[in-house]
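The analysis underlying the following values was restricted to heavy atoms, covering all of them including side chains, and did not include hydrogens, waters or symmetry mates. Each ligand, and each atom within it, is numbered from 1 in the order the structure gives.
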Amino acid sequence: MSQCNRKYLALSGGVGGAKLAVGLAAALKPEQLTIVANTADDFEHLGLHVSPDLDTVMYALAGIDDPSRGWGLADETWAFMEAVDRLGGETWFRLGDKDVATHVLRSQALHTGIRLSDVTASLCRQLGVAQRLLPMSDDAVRTRVRTDEGVLPFQDYFVRRRCEPNVSGFEFHGIDSARPQTDFMQMLTDPALAGIVICPSNPFVSIEPILGLPGVQTAIATSPAPVIAVSPIVGGRALKGPAAKMMAELGRPVNALSVAECYQALVDTFVVDRVDGEMCERIEALGIRTVAESTVMRSLEDKVSLAHRIIERLEES
Ligand code: FO1
């Protein structure tokens, strides 16, 4: 298979996933890359359907994301939130004035029966995103977090309660009857598929909902494409978000080995950061080829060089 028509599939959620998606987009031609985003963080808020992980990737690929917040749009204003506040509406989940347009138009499309995949494709087209961005499913899957304050809808736990409650487990409502997105599943049998990349996202609430969809793990395991995963835990901590805190509260050692154990049955190669190089041997003992790379992505150059290293490692598989 010639270099240029090799296709790659990235499974993504949150900020880490969006960063690597940007790197892969720079390293590959648009038609070579499909990103599947977690949608179990989606929720109805102020009557709007919000799809955070789809929007984080879409905005990042469009180059209009706000890099410091890690969600929403750069140069955002908040007049809508101020007006909602004045009228006594909920303001714990902040919707910027430009960001609201995405949620309004997505909600309008969904209300007319248009699939989430299709409204995502049209939003991407409008924003000049050339890569294919797919929701993991067009059916509703919703994460709820089991905590010492009860079972909380994901955004209540993540935003309203700032990830403070102690986590004991997760529920993915709707996952047993949800169908993986059709093009996603088709890609897994595509002979041109040269690699599946599990991005450095939260293994519990970003990647697990995707892998937990009926048929996905089997399709990945039987796909001829090699699978590579990048650890979101570096030096015993998560670079962003609650993955490390969740891991500790679930009684798991907070390290790359615990992440590798989450993906053990699926991955051919596991990527740890150079600071965790001494962990390679312990992860290799799981039967997973383990390599150490520079995985902390601050600059575009970091994202692109990690993407190139991942593509090279996939070619070695
Ligand atoms: N995260 C926050 O911590 N506070 C917010 O007010 C917030 C608003 C928000 C609006 C749109 C959107 O797409 C994402 C938003 N996020 C916010 C991030 C969101 O909770 C996370 O991106 C995911 O759900 C976790 O990956």
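Here Arg298 does not pair with Asp302 in a salt bridge; the nearest charged N to carboxylate O distance is not below 4.0 Å.
Ring geometry for Phe43 versus Trp92: interplanar angle of 30 to 60°, hence tilted.
For the residue pair Ser68/Asp66, the side-chain donor-acceptor check at 3.5 Å is satisfied.
Here Ile233 contributes atom CD1 and Ser258 contributes atom OG; the two are 8.5 Å apart, rounded to the nearest 0.5 Å.
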For ligand 1, run through the N/O pairs with the protein that fall under 3.5 Å and put one pair on each line.
from	atom 1	to	atom 2	distance (Å)
ligand 1	1 (N)	Trp71	NE1	3.4
ligand 1	6 (O)	Arg94	N	2.9
ligand 1	20 (O)	Gln155	OE1	2.8
ligand 1	24 (O)	Asp41	OD2	3.0
ligand 1	24 (O)	Gln155	NE2	2.7
ligand 1	26 (O)	Asp41	OD2	3.3
ligand 1	26 (O)	Asp53	OD1	2.9

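The list of salt bridge (charged side-chain N to carboxylate O under 4.0 Å, His left out) pairs with a residue in residues 306-317, not counting sequence neighbours, reads Arg6-Glu315, Arg289-Glu316, Glu293-Arg309, Glu293-Arg313, Arg309-Glu312, Arg313-Glu316.
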task = Go through Ser294 and Arg274 one step at a time and tell me if the side chain to side chain donor-acceptor pair (under 3.5 Å) criterion holds.
result = CA-CA 6 Å; Ser294 295; Arg274 292 194 187 290; 3.3 Å; yes
